[in-house]
Amino acid sequence: MLSSSDFASASWELVVRVDHPNEEEQKDITLRVSGDLHVGGVMLKLVEQINISQDWSDFALWWEQKRCWLLKTHWTLDKYGVQADAKLLFTPQHKMLRLRLPNVKTVRLRVSFSAVVFKAVSDICRALNIRRSEELSLLKPSSDYFKKKKKKDKNNKEPIIEDILNLECSPTISGSPVRAPLCPAVSPGLYSKTMTPTYDPVNGTPASSTMTWFSDSPLTEQNCSILAFSQPPQSPEALADMYQPRSLVDKAKLNAGWLDSSRSLMEQGIQEDEQLLLRFKYYTFFDLNPKYDAVRINQLYEQARWAILLEEIDCTEEEMLIFAALQYHISKLSLSAEIQDFTNESEVDEVEAALSNLEVTLEGGKVDSALEDITDIPKLADNLKLFRPKKLVLKAFKQYWFVFKDTSIAYFKNKELEQGEPVEKLNLRGCEVVPDVNVAGRKFGIKLLIPVADGMNEVYLRCDHENQYAQWMAACILASKGKTMADSSYQPEVLNILSFLRMKNRNLASPVASNLENMDVNPECFVSPRCAKKHKSKQLAARILEAHQNVAQMPLVEAKLRFIQAWQSLPEFGLTYYLVRFKGSKKDDILGVSYNRLIKIDAATGIPITTWRFTNMKQWNVNWEIRQVAIEFDQNVSIAFTCLSADCKIVHEYIGGYIFLSTRSKDQNETLDEDLFHKLTGGQE
């Protein structure tokens, strides 16, 4: 029977299900509450009624019908809108999650299911000792991802036992209960120049002086090696069984599963102990430093490796063999127990470099003035060949005198006419630059796709030799981003292109046949299944060993960084595809999202139609009712599209995320502006 005081206070019964970790079944507990009771008071009543002595600090209330956490404990039930029909669950905020890393290794660790995904990923990366967590995110794989393409042997019913690295912390430290289930980090997310290096910059092994840091972390020395070192290559059979996207539409489907960074795991229907993929989502790798980033560099190398092997990104056969040679080299060094302990530091501290520069200047010596002559914008001038594709015309190149200044190329009939009017002037700002190179055939071409009002103009340039190609290609790449050759990144870009060309250079003079028997790993492990089918095993091994001679002296971490650089130089690098329907169009197109531009691509042919640069973007917004993304650019250009292969929020977050990452600076003491990230990516739903 209810007393009159109960009626007077307008109280009512609230049923809360308790998710007790030590008991298999959840229990329902009935509480008598009123609308003016705050959430903290409800939790206090619950704990008193459960009457079990333990640390309840990680528990919170989850509202099942509204799919939201009641984390503002000072809010009343009335303010949240909780009534007697509400289904509430009293459950831990941190739960176990299985994460498949880029190196195909699965780790199991405790993650916050109540924090937004951006924060949860930050905690995960701290536990795994990966800096710059804003570049990564969680991907829910499609149903095809874990399925094998075909059952080759139906009689083989032996279950595959996955090797899982368990990083769950012990429940207590020094006898006291742990409040935060994620363990203390090995190192902070950012670093200062005075911080002790965590890894040897040459071979990636943990520096001995810092191994004591791992004592309070889930990353023991052994676990750290698993994450920082490359795993043995997969067998060709296992590789052939993995899911491979066959078209741009297939690639678009892979990107549908990115989780919303502004909502929690629980709000997105992720279950405890579910398997998700931890991947580098944004292809702008800021401040890669071998002294602190052994795990990050290795996982980045592994993501690049699998993208090549599973043909998620296209490359030529010549490039495939370079990637194979680097993989073979890295695999050999990783398996070798006798990795040399190099103590020389390859990176010169920025402060030391600045001081030595100042010292030389004060003494009147000559210093490298490349960075100081910023008022004088360099120019390139040389004879190149040009070709413009036209229908029913053979590919005939014609020689002109070319002058590259600022972000434009002008060409003249000959050198003597340089002071007059050019035949044509090409503005490269916002264009697509595609290498058209075959080193063995001595072909050094540059394909330019220059945006015009009704699409893209296609222009081919042909250089005579490597050095000329490297200079002009680097200038074109910078000009497409709106930068001139006076930019400090020009010379490193030239050297990067030259080093990649030299790796491609086949050394026909050196005999490799004698080393064929030394290649103890199946050569098909290092190339895509389609490439492996084209060659006999011995022929493939010979070509890989031939390419390996150009990289054989590289230390381990340098080889991984060179692999990442080569991946970054591929034309399709950094493009994430989505199937969309543009406003006013009657057919579906592919939208490619990159760190600095959007590209409209023909879904049938894969040919780029139009490019829009983020630098020309004035504003973008989403009409959440019709799920349409609308973007305005300079010169009264506007586009609108609906997403067919994913939720429009995913594309909206990609655009905002890249703009957010472009605001990062080299200031080592910076902290990430999480509020700015959510403003740019969250959208006002």
Side-chain angles (χ1 to χ4, degrees), residues 283-284 370-371 373-389 400-412 418 421-437 444-453 455-498 500-501 565 568-575 592 594-599 608-617 633-635 637 658 662:
Y283 294 90
T284 50
L371 297 179
D373 291 341
I374 54 171
T375 52
D376 179 30
I377 295 175
K379 77 170 188 178
L380 287 174
D382 212 339
N383 283 312
L384 301 178
K385 295 184 179 75
L386 175 132
F387 165 69
R388 278 185 174 282
Y400 293 95
W401 178 257
F402 281 80
V403 176
F404 198 131
K405 187 137 190 190
D406 291 328
T407 57
S408 301
I409 291 180
Y411 62 93
F412 308 82
E418 186 184 327
E421 278 293 308
V423 177
E424 189 181 12
K425 191 173 183 180
L426 308 171
N427 183 8
L428 302 193
R429 192 184 287 263
C431 77
E432 294 296 309
V433 185
V434 183
D436 182 26
V437 174
F444 303 102
I446 301 168
K447 178 181 170 184
L448 300 172
L449 296 167
I450 300 165
V452 289
M456 309 277 265
N457 271 347
E458 208 170 316
V459 177
Y460 286 82
L461 303 180
R462 183 67 62 83
C463 301
D464 293 329
H465 50 80
E466 288 103 326
N467 289 339
Q468 189 186 49
Y469 168 78
Q471 289 176 338
W472 285 80
M473 184 67 178
C476 289
I477 290 168
L478 261 67
S480 72
K481 301 173 187 175
K483 296 177 181 178
T484 70
M485 287 177 279
D487 192 87
S488 61
S489 60
Y490 175 67
Q491 284 303 331
E493 187 70 45
V494 172
L495 294 171
N496 193 21
I497 293 167
L498 278 172
F500 192 37
L501 290 176
Q565 285 171 352
Q568 288 174 305
S569 71
L570 295 177
E572 285 184 20
F573 168 77
L575 280 174
S594 179
Y595 73 97
N596 60 355
R597 68 201 189 282
L598 300 173
I599 307 175
I609 301 167
T610 318
T611 296
W612 302 279
R613 292 266 158 186
F614 289 159
T615 48
N616 301 331
M617 190 188 292
F633 296 93
D634 292 339
Q635 299 173 337
V637 176
Y658 273 127
S662 70

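Quick caveat, the model's predicted, so the values are computed rather than measured. Hydrogens, waters and symmetry mates play no part in the numbers below; they use all other heavy atoms, side chains included.
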Query raised in the report: Would you call the rings of Y460 and F387 parallel, tilted or perpendicular if under 30° counts as parallel and over 60° as perpendicular?
Result: tilted
**Report entry** Approximate separation, where rounding is to 0.5 Å, of F404 CZ and M485 CE
**Finding:** 5.5 Å
Query raised in the report: Would M473 and V433 count as a side-chain contact (heavy atoms from CB on, under 4.5 Å) if you check the C-alpha gap in whole Å, the side-chain angles of each, and the deciding distance to 0.1 Å?
Result: CA-CA 8 Å; M473 184 67 178; V433 185; 3.6 Å; yes
Requested in this report: Enter the distance from I477:CD1 to N496:CG here, rounded to the nearest 0.5 Å.
Outcome: 8.5 Å
**Report entry** Worked check of side-chain contact (heavy atoms from CB on, under 4.5 Å) between M617 and W612
**Finding:** CA-CA 8 Å; M617 190 188 292; W612 302 279; over 6 Å; no
Query raised in the report: Side chains of D406 and S408: do they bring a donor and an acceptor to under 3.5 Å?
Result: no
Query raised in the report: What are the two closest heavy atoms between Y490 and Q471, and how far apart are they?
Result: OH-O, 3.1 Å
Report task. Measure from the side-chain N and O atoms of Y400 to the backbone N and O of A410, and report whether any donor-acceptor pair falls under 3.5 Å. Result -> no
Requested in this report: Could you tell me how the ring of F614 sits relative to the ring of Y658: parallel (under 30°), tilted (30 to 60°) or perpendicular (over 60°)?
Outcome: tilted
Query raised in the report: Hey, is the main chain of N383 close enough, under 3.5 Å, to the side chain of Y411 for a donor-acceptor pair?
Result: no
**Report entry** Where G482 and T407 come nearest, the two heavy atoms and their spacing
**Finding:** C-CG2, 4.0 Å
Report summary line: To the nearest 0.5 Å, atom CZ of R597 lies from atom NZ of K481 at 9.0 Å
Requested in this report: May I ask you to say whether E493 pairs ionically with K483, meaning some side-chain N is under 4.0 Å from a carboxylate O?
Outcome: no
Query raised in the report: Closest approach of T611 and E432, non-hydrogen atoms and distance?
Result: OG1-OE2, 3.3 Å
Query raised in the report: Between I409 and C476, does a side-chain contact (heavy atoms from CB on, under 4.5 Å) hold up when you go through it step by step?
Result: CA-CA 9 Å; I409 291 180; C476 289; 4.2 Å; yes
**Report entry** Point-to-point distance, once rounded to the nearest 0.5 Å, from CG of L384 to CZ of F444
**Finding:** 13.5 Å
Report summary line: Nearest heavy-atom contact between I450 and L428 is CD1-CD2, 4.1 Å
Query raised in the report: Which atom names give the shortest non-hydrogen contact between I599 and P608, and what distance separates them?
Result: CG2-CB, 3.9 Å
Query - Nearest-0.5 Å distance that lies between atom CG in D634 and atom CG in N616 - result: 5.0 Å
Requested in this report: Could you give me the CA-CA distance, side-chain angles and deciding distance for L380 and Q468, then say whether side-chain contact (heavy atoms from CB on, under 4.5 Å) is met?
Outcome: CA-CA 10 Å; L380 287 174; Q468 189 186 49; over 6 Å; no
Report task. Measure the shortest side-chain to side-chain distance between V437 and L501 over non-hydrogen atoms and say whether it is less than 4.5 angstrom. Result -> yes
Requested in this report: Output the distance between atom CG (L448) and atom CG (L386), rounded to the nearest 0.5 Å.
Outcome: 9.0 Å
Query - Any W401 side-chain heavy atom under 4.5 Å of F412 side chain - result: yes
Report task. Without swapping roles, check the side chain of R613 against the backbone of S480 for a donor-acceptor pair under 3.5 Å. Result -> yes
Requested in this report: Please report the closest heavy-atom contact between L575 and S594, naming both atoms and the distance.
Outcome: CD2-CB, 3.8 Å
